[in-house]
Amino acid sequence: QVQLIESGGGLVQAGGSLRLSCAASGLTFNWYAMAWFRQAPGKEREFVAGISVSGRRTDYSESVKFRFTISRDNPKSTVYLQMNTLRSEDTAVYYCAAKKVMADSIARVGYDFWGQGTQVTVSS
C-alpha cells in the first residue's frame, strides 16, 4: 500500500531552520506531484508548497514564499521542505501529500495520498 512517511520535525527557536523529509513507497513516484500542507491548532489544513514531477515547477503560499524551499529526489522517492527563518506562526503539524498527474503540473487541492504528519514547533 502507499505510504508517505514524514520526518525532521521538532522544536526550534524563532529564526532557526528545519528540513522536513517525506519518503514515499508503494507508488510510482515519477507519476505524482508532491506537496506539503500544515495544520495549526484550531485552524484548517492549508497548502504550504508544491512541486511538479520533474521538480522544475514549484508553488508556495504567500506566508512561506522566500523562506521555504520544496525539492524532490525522484530516484530516492523523497520530497523535502527546507524551512528557514522560522516564525512562531509556522508552528503546526506538517503533512506530505501526493497527487497523480498527467503532466508536469502542480495543484493545491485534490491530493490522493497523505502522510501521518510531523510536528513543527517554533518557540518565540
Side-chain angles (χ1 to χ4, degrees):
Q1 75 277 19
V2 175
Q3 284 191 306
L4 302 176
I5 307 295
E6 301 100 336
S7 61
L11 174 64
V12 63
Q13 288 189 331
S17 299
L18 279 176
R19 188 194 195 204
L20 305 183
S21 299
C22 171
S25 62
L27 53 74
T28 303
F29 194 67
N30 288 2
W31 293 358
Y32 288 80
M34 302 297 294
W36 289 93
F37 291 75
R38 68 186 181 186
Q39 187 167 20
K43 295 187 177 181
E44 293 188 352
R45 187 161 55 189
E46 63 173 353
F47 172 84
V48 174
I51 189 166
S52 65
V53 168
S54 70
R56 288 191 293 267
R57 300 182 66 186
T58 57
D59 182 26
Y60 297 92
S61 68
E62 287 299 316
S63 62
V64 308
K65 194 177 290 186
F66 309 121
R67 298 188 298 123
F68 290 11
T69 302
I70 189 170
S71 61
R72 64 190 291 162
D73 186 333
N74 286 346
K76 292 184 178 180
S77 297
T78 301
V79 63
Y80 304 97
L81 185 68
Q82 177 67 43
M83 305 185 294
N84 298 328
T85 319
L86 283 160
R87 305 167 179 167
S88 57
E89 53 263 41
D90 295 318
T91 294
V93 177
Y94 283 72
Y95 297 91
C96 172
K99 178 182 174 68
K100 193 171 183 181
V101 293
M102 299 302 291
D104 200 31
S105 59
I106 318 172
R108 293 192 174 198
V109 296
Y111 278 76
D112 302 304
F113 302 106
W114 296 83
Q116 292 299 305
T118 185
Q119 176 71 46
V120 171
T121 303
V122 184
S123 63
S124 56

Taking [Y]'s backbone N and O only, do any of them form a donor-acceptor pair with [X]'s side chain (distance below 3.5 Å, no angle check)?
| X | Y | value |
| --- | --- | --- |
| Q39 | A92 | no |
| D59 | A107 | no |
| Q13 | S123 | no |
| Q82 | T69 | no |
| R108 | Y60 | yes |

Ring centres under 6.0 angstrom apart (F37, W114):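 Close enough - the centres of the two rings lie under 6.0 Å apart.
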Atom of L81, atom of V48 and distance for their closest heavy-atom approach: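 Shortest heavy-atom separation between L81 and V48 comes out as CD2-CG1, 4.3 Å.
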Steps toward side-chain contact (heavy atoms from CB on, under 4.5 Å) verdict (N74, Y32): CA-CA 10 Å; N74 286 346; Y32 288 80; over 6 Å; no
D104/R57 salt bridge by N-O under 4.0 Å criterion: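 Judged by the 4.0 Å cut-off on N to carboxylate O distance, R57 and D104 do not form a salt bridge.
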Steps toward side-chain contact (heavy atoms from CB on, under 4.5 Å) verdict (D73, Y80): CA-CA 8 Å; D73 186 333; Y80 304 97; 4.0 Å; yes
Side-chain touch M83/L20, heavy atoms, less than 4.5 angstrom: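 SC-SC contact between M83 and L20 confirmed.
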Criterion side-chain contact (heavy atoms from CB on, under 4.5 Å) on S61 and F68, from CA distance to verdict: CA-CA 10 Å; S61 68; F68 290 11; over 6 Å; no
Qualifying side chain to side chain donor-acceptor pair (under 3.5 Å) pairs, either residue in residues 87-99, two or more places apart: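 Applying side chain to side chain donor-acceptor pair (under 3.5 Å) to every pair that reaches into residues 87-99, excluding sequence neighbours, yields R38-D90, R38-Y94, R67-D90.
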